[in-house]
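Here the structure is laid out as structure tokens; the discussion comes afterwards.
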Amino acid sequence: WMGNPLRRLTATPPPLMRGRRTFALLKKSALRKFWIPAFAGTSGLLLLPIILDAIAPPPLDKTAVSSLVLDREGRWMHAFATPEGRWRFKADLDDIDPVYVERLVAIEDKRFWKHGGVDPLAVARAGWSALTTGRVTSGASTITMQTARLLEPRPRTVGSKLIEMTRAAQIERRLTKREILELYLTLAPYGGNLEGVRAASLTYFGKEPARLTDAEQALLIALPQAPEARRPDRRPKAAKVARREILTKLSAAGHLQPGRAAEADESTLPVARQVFPRAAYHASRELAARGLKAKTPV
């Protein structure tokens with residue numbers, strides 16, 4: 001059959017050739033009907049996060065901080081709350097007790113320096129705990145996820161958690177770990193209109209958070225977990241219990257010697273909020289109104 005040209009034109013191809021042609025047609029049809037759409041769909045799914053990330057970035061630059069005016073010697077003269085009435089000062093890790101930061105990470109998100117915004121191990125642990133006990137007994141929120149929630153508060157739902165995970169991944173792509181910690185320590189709630197570790201330390205202890213005692217560190221770690229329920233100036237008993245829980249966890253994790261934890265547990269709690277210094281009101285107000293940065297010499 002193959003040696004006769006006329007026969008090739010008129011005769012029916014043998015079964016082997018028909019099979020090859022059929023296979024080629026089927027292959028071409030499958031490529032057109034399945035593989036090309038599948039490839040396009042997969043590519044679209046891979047590109048979707050990138051597109052959404054560009055269209056809807058996290059609101060990292062929309063957080064107002066309190067205006068702070070210092071004199072030429074660096075002494076506090078006056079501070080002004082944010083437009084919504086919050087005391088919120090920008091946090092700088094270089095000016096915050098490093099031991100406090102280390103202990104905060106150990107309690108809130110011990111794999112913070114390793115994960116990309118979402119901790120798979122924490123998610124698996126929380127899911128297994130919920131399945132076996134029938135209720136939520138452990139959280140899976142990383143510090144980055146908590147930061148995302150502070151930037152965009154939402155009801156505590158499964159959908160909100162998924163959004164927080166997405167936002168956390170976006171934040172991790174834009175900020176370094178240090179910057180994420182600083183943003184968290186700027187936004188974290190500490191009761192009333194206090195936000196950020198600086199406002200809390202200045203209000204409750206009357207000092208910047210550069211050097212903190214064990215008791216002060218434990219209280220500042222405990223407060224953001226339930227800021228209104230643990231306010232030391234209004235609910236001292238609850239604050240003391242919460243502080244003790246943190247001290248116990250730090251001791252069990254090897255971040256605090258048991259003797260020091262017991263000593264810190266006996267420390268007195270702040271019973272009232274301290275008032276910020278208020279000097280040169282009119283000059284300070286003018287500088288703040290003109291939008292000058294904090295630490296403006298007057």
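For the single chain, residues carry numbers from 1 onward in sequence order. Here the structure is a predicted model, which is why all the values come from computation and not from measurement.
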Sidechain N-carboxylate O distance under 4.0 Å for [X], [Y]:
X      : Y      : answer
Arg273 : Asp233 : no
Asp94  : Arg178 : yes
Arg211 : Glu216 : no
Glu182 : Lys90  : no
Asp214 : Arg103 : yes

Flag yes if Leu185 and Val65 sit in one hydrophobic cluster, no otherwise; membership is Ile, Leu, Val, Met, Phe, Trp, Tyr, and two members link when side-chain heavy atoms are under 4.5 Å apart. no
Is there a path of hydrophobic side-chain contacts, each under 4.5 Å between heavy atoms of I, L, V, M, F, W or Y residues, that connects Leu183 with Trp113? yes
Strictly distance-based, threshold 3.5 Å: is any side-chain N or O of Asp95 a donor or acceptor partner for the main-chain N or O of Ala210? no
Is the backbone N or O of Pro57 less than 3.5 Å from a side-chain atom of Gln170, with the two atoms forming a donor-acceptor pair by type? no
Any chance you could lay out the side chain to side chain contact (heavy atoms under 4.5 Å, CB included) test for Arg88 and Thr63, step after step, and finish with the verdict? CA-CA 9 Å; Arg88 183 192 301 132; Thr63 302; 3.8 Å; yes
In terms of the angle between their ring planes, are His78 and Phe80 parallel, tilted or perpendicular, with boundaries placed at 30° and 60°? parallel
Are Thr82 and Phe89 packed together at the side-chain level, in the sense that at least one heavy-atom pair is separated by less than 4.5 angstrom? no
